[in-house]
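Remarks on the structure that follows.
Residues: numbered from 1 along the sequence shown.
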Amino acid sequence: TAQPFDFETKSTYPISVTVTDGNSLAFSKSFTITVVDINEPPTDITLSLNTIDENAGIGTTIGTLSTTDPDAGSNTFTYSVNDTTNFLVDGATLKSNAVFNYEAVPSYTITITSTDSGSQSYSKDFTISINNLPEAPTDISLSASTVNENMEVGTVVGTFTTTYTDSSVFSYVVDDTTNFSIVGNNLKSAQQFDFETKNSFPISVTVTDGNSLTFSKSFTVTVVDINEPPTDITLSLNTIDENASIGTTIGTLSTTDPDAASNTFTYTVSDTTNFQIDGATLKSNAVFNYEAVSSYTITITSTDTGSLSYSKEFTISVNNLPEAPTDISLSASTVNENMEVGTVVGSFTTTYTDSSVFTYEVDDTTNFSIVGNHLKSAQQFDFETKSSYPVSVTVTDGNSLTYSKSFTVTVVDINEPPTDITLSLNTIDENASIGTTIGTLSTTDPDAASNTFTYAVSDTTNFQIDGATLKSNAVFNYE
């Protein structure tokens with residue numbers, strides 16, 4: 001050979017050979033010299049692209065591998081990479097085997113080996129650069145997520161802090177603009193919250209960085225229950241009947257309070273002379289008289305468990321009930337004996353509060369009758385037979401209410417004439433001396449028990465009376 005042959009450059013050489021002998025005679029012949037292909041190792045490796053974006057998913061294609069080899073036309077190549085933690089080779093494609101973070105490692109130096117079908121190989125170092133991409137914020141924190149109820153609009157709930165990689169310029173947006181606003185990095189209330197109406201608000205906050213990349217996070221803002229004073233007191237009933245006994249229930253008290261569900265209430269009344277409170281019940285502490293005082297204005301105070309209170313005035317009306325008469329008087333309670341039937345004993349007068357219309361009844365209708373308001377006799381009374389009569393009189397007013405009272409009607413003793421005279425003996429012996437007792441006189445008289453009697457005789461010539469004794473005043477001769 002006059003030079004080294006390269007199969008891949010030229011695989012055959014046609015030649016003509018001439019032989020000349022000693023007699024200068026020549027002969028020519030053609031030959032073909034064939035270059036035998038000997039497997040040679042690869043000489044280079046190329047990678048179509050050597051960069052990858054940070055945060056790209058595992059299996060992302062970095063670039064395509066190709067091998068320079070004198071025997072490339074008759075060879076196939078197998079590729080391998082030394083850093084299998086972060087990279088992998090799929091056929092002739094270099095891919096990621098990890099998610100790269102520019103801020104952590106901006107580039108990787110790897111060795112790729114290409115091995116041909118004859119087991120000849122070639123290795124080459126490559127630098128894979130990680131592309132630094134703008135990265136969205138990764139978290140939002142809120143310094144406080146509670147707010148007291150009843151705080152004024154614009155109260156700061158808390159301050160936002162953003163976890164970021166690239167841009168440190170942030171703007172915040174909240175989805176619930178009815179209830180919240182964001183000024184700078186401060187979350188503020190957009191209304192006055194009421195725990196009893198709603199005690200928590202779910203919100204979503206989105207932060208946008210200087211690269212216009214966003215991150216959203218949900219928060220729950222909790223409204224803190226602050227004890228609030230009662231706002232009203234109601235009384236189920238504000239009337240009571242006059243004459244009702246002490247301790248009669250007037251009505252039930254209840255309190256309106258934003259914190260009613262978590263509170264208990266204690267009640268007091270200003271006028272303890274006439275009223276008392278038992279738990280949540282207003283009761284009487286006196287017996288009321290409509291005619292004296294028809295209504296009372298009182299102040300009731302409700303105090304919650306947090307010592308906050310509310311006071312309210314109530315007017316308690318006393319119901320005017322029909323009241324029975326309270327007394328009966330009789331103008332006279334004596335009647336003379338022997339008076340005719342229908343004699344007026346006396347007139348009734350009734351002490352009353354309401355109705356002035358009266359009817360009277362007497363229990364002893366045998367001896368008495370009532371006409372209008374007059375008590376009359378129903379028979380002729382005799383003192384000596386019965387000197388007094390107990391009666392019960394009932395008055396009924398226009399409201400059908402009654403009152404009864406006992407009276408004693410006294411029969412007045414009137415002096416009556418004697419009705420008879422008796423003489424114990426009506427004989428005397430003749431010749432008996434003057435002054436001889438004939439008999440004793442006695443008188444029958446309705447008033448005998450209360451009377452004494454004086455006797456007189458018509459014939460004073462022959463008779464005389466000495467006290468109650470009839471005596472002779474002459475000497476009698478039978479013949």
Side-chain angles (χ1 to χ4, degrees), residues 8 37 39-142 160-175 185 203-219:
E8 285 71 30
D37 186 18
N39 186 36
E40 299 167 275
T43 58
D44 196 14
I45 303 171
T46 59
L47 179 62
S48 63
L49 193 66
N50 67 337
T51 62
I52 183 173
D53 292 342
E54 64 177 335
N55 303 318
I58 292 174
T60 297
T61 295
I62 298 170
T64 301
L65 295 162
S66 59
T67 299
T68 301
D69 189 303
D71 309 303
S74 60
N75 257 327
T76 56
F77 303 96
T78 302
Y79 299 93
S80 61
V81 62
N82 63 329
D83 182 358
T84 56
T85 300
N86 295 299
F87 301 92
L88 59 87
V89 175
D90 179 13
T93 303
L94 179 65
K95 296 182 177 182
S96 64
N97 201 30
V99 176
F100 301 114
N101 182 357
Y102 173 85
E103 287 71 27
V105 181
S107 66
Y108 293 81
T109 299
I110 60 175
T111 300
I112 294 177
T113 298
S114 174
T115 302
D116 65 17
S117 52
S119 300
Q120 298 284 342
S121 63
Y122 176 82
S123 295
K124 186 176 179 179
D125 286 341
F126 292 90
T127 297
I128 307 301
S129 298
I130 309 301
N131 296 325
N132 183 21
L133 300 183
E135 294 178 87
T138 56
D139 196 15
I140 306 172
S141 62
L142 180 59
F160 291 111
T161 303
T162 296
T163 302
Y164 67 95
T165 302
D166 294 308
S167 173
S168 60
V169 177
F170 307 110
S171 61
Y172 299 90
V173 175
V174 62
D175 60 342
N185 65 332
I203 60 173
S204 177
V205 175
T206 298
V207 60
T208 302
D209 67 10
N211 295 316
S212 299
L213 298 176
T214 63
F215 176 81
S216 297
K217 187 173 180 179
S218 295
F219 297 89

Test item: Asn132 and Asp166 side chains (from C-beta on) under 4.5 Å apart, heavy atoms: yes

Are Thr78 and Thr76 packed together at the side-chain level, in the sense that at least one heavy-atom pair is separated by less than 4.5 angstrom? no

Audit row: Ile110, Asn82, side-chain contact (heavy atoms from CB on, under 4.5 Å) steps and yes/no: CA-CA 6 Å; Ile110 60 175; Asn82 63 329; 3.7 Å; yes

Please evaluate residues Thr161 and Asn185 with respect to the criterion side-chain contact (heavy atoms from CB on, under 4.5 Å), reporting the C-alpha separation (whole Å), side-chain torsions for both, the decisive distance (0.1 Å), and the verdict. CA-CA 7 Å; Thr161 303; Asn185 65 332; 5.6 Å; no

Minimum heavy-atom separation for Pro42 and Ser114, please, with both atom names. CG-O, 3.9 Å

Check: Asp209 side chain, Ala136 main-chain N or O, donor-acceptor pair, under 3.5 Å: no

Is there a donor in the side chain of Tyr79 and an acceptor in the side chain of Thr67, or the other way round, less than 3.5 Å apart? yes

Does Ser96 use its side chain to pair, donor to acceptor, with the backbone of Gly59 at less than 3.5 Å? yes

I need the minimum non-hydrogen distance between Ile140 and Val205, along with the two atoms involved. CD1-O, 3.6 Å

Does any part of the side chain of Asn97, heavy atoms only, come nearer than 4.5 Å to the side chain of Thr85, both counted from C-beta? no

If you look at every heavy atom in Thr93 and Thr61, which pair is closest and at what distance? CG2-CG2, 3.5 Å

Any donor-acceptor N/O pair, Thr43 side chain to Thr68 backbone, under 3.5 Å: yes

Take Glu135 and Asn101 through the test side-chain contact (heavy atoms from CB on, under 4.5 Å) and record every step on the way to the result. CA-CA 10 Å; Glu135 294 178 87; Asn101 182 357; 4.2 Å; yes

Side chain Asn211, main chain Leu213, donor-acceptor under 3.5 Å: no

For the atom pair CD1 (Ile45) and CG (Leu47), what is the distance rounded to the nearest 0.5 Å? 9.5 Å

Can you find a heavy atom in the side chain of Lys95 that is under 4.5 Å from one in the side chain of Ile58? no

Quick check: does any side chain N or O of Asn86 sit under 3.5 Å from a backbone N or O of Ala98, one acting as donor and the other as acceptor? no

Are the side chains of Phe215 and Asp139 in contact, using a 4.5 Å heavy-atom criterion? yes

Indicate yes or no: at least one non-hydrogen side-chain atom of Ile130 is less than 4.5 angstrom from one of Val105. no

Heavy-atom pair with the smallest gap, counting every atom of Ile52 and Ile62: CD1-CG1, 4.0 Å

With a 3.5 Å distance limit and no angle check, can you tell me whether Glu54 reaches the backbone of Leu133 through a side-chain donor-acceptor pair? yes

Please work out which of the three classes, parallel, tilted or perpendicular, describes the rings of Tyr108 and Phe87, given edges at 30° and 60°. perpendicular

Show the nearest heavy-atom pair for residues Phe126 and Ile112, with the distance to one decimal. CD1-CD1, 3.8 Å

Do you know which two heavy atoms are closest between Thr115 and Ser121, and how far apart they sit? OG1-CB, 3.4 Å

Flag the pair Phe219 / Leu142 as yes when at least one side-chain heavy-atom distance between them is below 4.5 Å, and no otherwise. yes

Phe170 versus Phe160: any side-chain heavy-atom pair under 4.5 Å? no

Does either side chain, that of Thr162 or that of Tyr172, offer a donor lying less than 3.5 Å from an acceptor on the other one? yes

Kindly compute the distance separating CG (Asn55) from OG1 (Thr165), expressed to the nearest 0.5 Å. 8.0 Å

